[in-house]
Amino acid sequence: MSQERQSFLSHFKKTLQPNGQLVPVNVAGSFILCSDVVGSALPFEVQIDSEPFVPITQGLSIRLRAGDSFSKLTLRNPTDKVLTVEFYVGSSHVDDARLNIVRGRSAPVMNAPTVMTAHSTTIAAAAALDLTGAHPTFPKYLRKATIITNMDPAVDLELVNAADDIIATVMFRTAFLLESSEGIKVKNNSAGNVVCRAVQVWYIVEVE
């Protein structure tokens with residue numbers, strides 16, 4: 001004897017045109033989970049029934065409280081790029097473990113592709129190597145880390161941010177790893193030239 005199942009799950013893939021065009025999705029459910037967004041690192045927006053639009057992006061989910069449900073979703077793309085979005089809707093919940101770290105234990109995750117740019121140079125006395133604007137030639141990218149190697153046998157280098165606030169010191173004949181998306185400057189405050197190697201690692205956010 002079979003038992004009638006009350007739970008249901010649907011999957012959708014929609015193309016969202018830029019600059020606010022609305023895409024209605026006539027589907028009922030009590031939760032929505034965005035599983036993928038292609039086209040921009042910025043979120044798109046979703047409206048549940050006639051409620052206000054809220055931003056949502058890959059890995060985010062919205063679940064109504066027990067007993068509540070919706071009968072329609074409206075998607076909106078506020079960016080200037082065409083977006084392709086995928087999402088699940090239903091009454092049975094889906095957990096996307098690819099994007100989460102729970103209680104210190106990392107779940108399976110796909111490593112984002114990266115590229116590196118190198119800036120080996122000699123920094124003149126009282127000058128600086130400015131890496132705040134240096135980047136690869138991809139339309140969208142995000143700095144993952146910067147590695148500075150001080151090749152001088154006796155002189156230290158200073159790392160500063162775009163506002164010239166001191167971040168750290170790179171001791172002579174050592175390397176320093178800064179895991180930050182912020183660009184930095186490498187300053188030589190000595191009276192002589194210093195040979196420096198700089199490598200920046202970039203996440204590829206979007207390739208056109």
Side-chain angles (χ1 to χ4, degrees), residues 1-116 135-145 179-182 200-208:
M1 181 177 178
S2 63
Q3 182 178 359
E4 184 178 355
R5 181 180 294 112
Q6 300 299 317
S7 298
F8 61 92
L9 182 68
S10 300
H11 174 263
F12 296 88
K13 184 175 183 179
K14 297 290 185 179
T15 299
L16 309 183
Q17 297 300 321
N19 303 319
Q21 182 175 346
L22 303 181
V23 177
V25 183
N26 294 315
V27 60
S30 59
F31 89 97
I32 173 175
L33 167 69
C34 177
S35 59
D36 197 18
V37 179
V38 177
S40 175
L42 298 174
F44 65 101
E45 296 175 334
V46 61
Q47 181 187 49
I48 297 175
D49 289 331
S50 58
E51 296 296 320
F53 280 91
V54 294
I56 188 170
T57 190
Q58 183 179 4
L60 293 183
S61 64
I62 300 172
R63 184 176 183 86
L64 305 185
R65 68 180 185 178
D68 283 353
S69 63
F70 53 81
S71 60
K72 180 182 178 181
L73 298 174
T74 304
L75 310 182
R76 183 170 68 184
N77 174 11
T79 77
D80 60 357
K81 301 282 188 179
V82 175
L83 302 182
T84 300
V85 303
E86 294 188 49
F87 55 97
Y88 292 88
V89 177
S91 63
S92 56
H93 192 59
V94 175
D95 288 320
D96 191 350
R98 299 170 304 168
L99 304 174
N100 296 303
I101 297 177
V102 182
R103 294 180 181 176
R105 296 177 297 170
S106 59
V109 63
M110 181 181 296
N111 290 326
T114 60
V115 294
M116 293 189 297
H135 57 77
T137 56
F138 289 95
K140 295 289 183 180
Y141 51 85
L142 178 66
R143 185 184 284 103
K144 176 184 179 183
E179 293 185 298
S180 172
S181 61
E182 183 177 3
Q200 295 185 102
V201 184
W202 305 84
Y203 287 118
I204 302 173
V205 178
E206 178 184 338
V207 179
E208 294 183 343

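Just so you know, these numbers come straight off a predicted model, no measurement behind them.
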Compile the donor-acceptor pairs under 3.5 Å between side chains in residues 66-75 and protein atoms, sequence neighbours left out, one pair per line.
residue	atom	partner	partner atom	Å
D68	OD2	R65	NE	3.4
S71	OG	D49	OD1	3.2

Original post:
Heavy atoms, side chains only, cut-off 4.5 Å: are Y88 and S35 in contact?
Top reply: yes

Original post:
Is the closest side-chain heavy-atom distance between V46 and V54 below 4.5 Å?
Top reply: yes

[X] [atom1] to [Y] [atom2] distance, which is reported to the nearest 0.5 Å:
| X | Y | atom1 | atom2 | value |
| --- | --- | --- | --- | --- |
| L60 | I32 | CG | CD1 | 10.5 Å |
| Y141 | T114 | OH | OG1 | 15.5 Å |
| I62 | I56 | CD1 | CD1 | 4.5 Å |
| L16 | N19 | CG | CG | 12.0 Å |

Using side chain to side chain contact (heavy atoms under 4.5 Å, CB included) as the criterion, list what pairs up with [X], not counting sequence neighbours.
| X | answer |
| --- | --- |
| E182 | N161, S180 |
| E179 | A145, L177 |
| P43 | P55, T57 |
| A28 | none |

**OP:** Go through the structure and list residues passing side-chain hydrogen bond (donor to acceptor under 3.5 Å, both in side chains) with Q21, not counting sequence neighbours.
**Re:**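 Expected list: none.
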
**OP:** Return the set of residues passing side-chain hydrogen bond (donor to acceptor under 3.5 Å, both in side chains) with T79 (not counting sequence neighbours), or none when no residue passes.
**Re:**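 If we apply the side-chain hydrogen bond (donor to acceptor under 3.5 Å, both in side chains) test to T79, skipping adjacent residues, the hits are N77.
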
Original post:
Which residues satisfy the ring pair (Phe, Tyr, Trp, His ring centres under 6.0 Å) test with F44, sequence neighbours excluded?
Top reply: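 With sequence neighbours excluded, F44 shows a ring pair (Phe, Tyr, Trp, His ring centres under 6.0 Å) to no residue whatsoever.
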
Subject >> ring pair (Phe, Tyr, Trp, His ring centres under 6.0 Å) involving F12 - partner list, sequence neighbours excluded >> reply: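 Checked F12 against ring pair (Phe, Tyr, Trp, His ring centres under 6.0 Å); matches are F87.
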
Subject >> Any pair counted as salt bridge (Lys or Arg N to Asp or Glu O under 4.0 Å), so long as it reaches residues 13-23, sequence neighbours left out >> reply: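 Sorted result for residues 13-23: empty, none.
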
Original post:
Do Q200 and R143 have side-chain N/O donor and acceptor atoms under 3.5 Å apart?
Top reply: yes

